Enquirer: 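The structure under discussion is supplied below as structure tokens; questions concerning it will follow.
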Amino acid sequence: MDSKEVKTGYKGIRIIGFTSLMLLLIYLFFKDTYVEIGLQLKTAALGGILLIALLGIAYVICDGILVAIFAKKHRSTYTYKEGILTVWYAIFYKGITFGSGTKVAQMYMLNEQGIPLGISGSFLTLNYALHKLCVLLYMSLTISGWQQHLAHSYTGYIYFGYGLNLVIIGCLVLACTWKRFHELVLWLVRKGLEAINKIELYEVVEAFLVDLEKESRTFFKAKGRLIICTLLNLIKLSCWYMIPYIAYWSMTREMPPIDFWEGMALASVMNLLVGVIPAPVGMGSSELVYLMLFSSLFGKLTTDSTMLLYRMASYYLPFLIGIGVVMMRRFNKIKEGKPCET
């Protein structure tokens, strides 16, 4: 057997091994929910399921376009396809790390696409701040749609969530645009790192904040790009916010007890409160908030069904497509004989 045949056989083993690993991962990921998902998909209207799936995919595409808009400034040949694939790639790692690996995966992918880590970290942070700002903006624009449907006991959580997000955005914007606040953050970082004997990390943090300040300065000066990114974020959020209303119709074949605008308004509150309201053991924050907001309107059984369709579009389907993107990327590297770190 010559060396060429050995290499071909080795590539085949790697492809089979990686495929087996991905199939095992899919089984472990869905083993507790696939029966329930199947039952709901059988019951729901096909047109509604397809529309909900398309909305989930459209959310990710909008996110990828936003990444591409920021990346194009640093590599003029950067394409929207690269940005969208970057987001799909990161969604896979979001799934297997429960959210903690999303930005790291995006930065890794962007680095392979020719965007240095420091620069990608700065514009991804800026993109995150703009996303948070648009979450608040959306909720503020739809205030008349959700106020009348929420019990007084929820308002404390809403104002806390609103205030918390406002503080996060405010700190990010100040760190980006106000030199004295920038210096204060660096001073606090230095003191903190000295306290834990990790002062060598100070230069890394300082370089990141400098890149963030430069990125923000140019971004806020480009008014056209700021408006486009804001509109894209609002469109992106609308894709998720439409799902509960459509899911109700899909499960019951009846119009929901609230109008379309009110459904989107309540979904905007849900997005704000995720992570703010403490969730009991065994239930995620998004599931808890969904049940809290929609149960009194949709009824317990219908709310459970619509919540599963919402999770399918916002979490399960993107994760499955992310697996496909990671597998294609790995197979291409194996065929080209390149090292496969991811």
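Note that the structure is predicted; figures quoted are calculated from it, not measured. All values below come from the heavy atoms of this structure, side chains included, with hydrogens, waters and symmetry mates left out.
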Enquirer: For the side chain of Glu112 and the backbone of Met109, is there at least one donor-acceptor N/O pair under 3.5 Å apart?
Expert: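 No, because the side chain of Glu112 does not come within donor-acceptor range (under 3.5 Å) of the backbone of Met109.
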
Enquirer: Taking atom CD1 of Ile57 and atom CD1 of Ile321, what is their separation to the nearest 0.5 Å?
Expert: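 Going from the CD1 atom of Ile57 to the CD1 atom of Ile321 covers 4.0 Å.
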
Enquirer: Hey, what do you get for CG (Leu126) to CG (Leu212), rounding to the nearest 0.5 Å?
Expert: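 Output value for this atom pair is 6.5 Å.
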
Enquirer: Would Tyr138 and Ser238 satisfy side chain to side chain donor-acceptor pair (under 3.5 Å), going step by step from the backbone distance to the final call?
Expert: CA-CA 9 Å; Tyr138 210 115; Ser238 296; 2.7 Å; yes

Enquirer: Walk me through whether Gln113 and Thr86 qualify under side chain to side chain donor-acceptor pair (under 3.5 Å).
Expert: CA-CA 9 Å; Gln113 295 165 345; Thr86 295; 3.0 Å; yes

Enquirer: Begin from the C-alpha positions of Ser140 and Tyr162 and carry the test side chain to side chain donor-acceptor pair (under 3.5 Å) through to its verdict.
Expert: CA-CA 10 Å; Ser140 301; Tyr162 200 97; 2.7 Å; yes

Enquirer: Can Trp240 be reached from Ile235 by stepping across I, L, V, M, F, W or Y side chains whose heavy atoms are under 4.5 Å apart?
Expert: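 No: no chain of side-chain contacts under 4.5 Å links Ile235 to Trp240.
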
Enquirer: Hydrophobic clusters here meaning ILVMFWY residues chained together by side-chain heavy-atom distances under 4.5 Å, can you tell me if Val325 and Val104 are in one?
Expert: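 Unlinked, Val325 and Val104 end up in two clusters.
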
Enquirer: Using every non-hydrogen atom in the two residues, find where Ile52 and Ala247 come nearest and quote the distance to one decimal.
Expert: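 In this case the closest contact between Ile52 and Ala247 is CD1-CA, 3.7 Å.
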
Enquirer: Do Leu54 and Tyr80 sit in one hydrophobic cluster, given that two such residues count as connected whenever their side-chain heavy atoms are within less than 4.5 Å of each other, even indirectly?
Expert: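 The answer is no; the residues belong to distinct hydrophobic clusters.
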
Enquirer: Within 45 degrees of the ring normal and closer than 6.0 Å to the centroid, is that where the cationic atom of Lys103 sits relative to Tyr108?
Expert: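 Pair Lys103/Tyr108 does not count as cation-pi.
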
Enquirer: Could you label the plane-to-plane angle of the Tyr310 and Tyr290 rings as parallel, tilted or perpendicular, counting under 30° as parallel and over 60° as perpendicular?
Expert: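 Judged by the thresholds at 30° and 60°, the geometry between Tyr310 and Tyr290 is tilted.
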
Enquirer: State which residues pass salt bridge (charged side-chain N to carboxylate O under 4.0 Å, His left out) with Lys300; sequence neighbours excluded, sorted by chain then number.
Expert: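 Lys300: salt bridge (charged side-chain N to carboxylate O under 4.0 Å, His left out) contacts with Asp304.
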
Enquirer: So which heavy atom on Ala90 is nearest to which on Ala105, and how close?
Expert: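 The pair with the smallest heavy-atom distance is CA-CB, 3.8 Å.
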
Enquirer: Show the nearest heavy-atom pair for residues Leu234 and Cys134, with the distance to one decimal.
Expert: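 Nearest heavy atoms, Leu234 then Cys134: CD2-O, 4.0 Å.
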
Enquirer: Tell me whether the guanidinium CZ or amine NZ of Arg311 lies under 6.0 angstrom from the six-membered ring centre of Tyr315 and within 45° of its axis.
Expert: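 Output yes; distance and angle both within limits.
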
Enquirer: Could you see if Phe70 belongs to whatever hydrophobic cluster contains Leu226? Use Ile, Leu, Val, Met, Phe, Trp, Tyr and a side-chain cutoff under 4.5 Å.
Expert: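 Result: yes, single cluster for both.
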
Enquirer: Closest approach of Thr303 and Leu291, non-hydrogen atoms and distance?
Expert: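 Minimum heavy-atom separation between Thr303 and Leu291: CG2-CD2, 3.7 Å.
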
Enquirer: Taking the six-membered ring of Tyr59 (Phe, Tyr or Trp), confirm whether the NZ or CZ of Lys236 is under 6.0 Å from its centre and within 45° of its axis.
Expert: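 Judged by the rule, Lys236 and Tyr59 form a cation-pi pair.
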
Enquirer: Ion pair present between Arg190 and Glu183, side-chain N to carboxylate O less than 4.0 angstrom?
Expert: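 Salt bridge: no.
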
Enquirer: What are the two closest non-hydrogen atoms of Ala68 and Thr79, and how far apart are they?
Expert: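 The pair with the smallest heavy-atom distance is CB-O, 3.8 Å.
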
Enquirer: Return the orientation label for the Phe92 and Phe319 ring planes: parallel under 30°, perpendicular over 60°, tilted otherwise.
Expert: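 Ring orientation, 0 to 90° scale: parallel.
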
Enquirer: Please report the closest heavy-atom contact between Phe294 and Ala267, naming both atoms and the distance.
Expert: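 Minimum heavy-atom contact is CZ-N, 4.1 Å.
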
Enquirer: Establish whether Leu297 and Phe260 are linked, either directly or via other cluster members, by ILVMFWY side-chain heavy-atom contacts under 4.5 Å.
Expert: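 They do share one cluster, since a chain of ILVMFWY contacts under 4.5 Å joins Leu297 to Phe260.
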
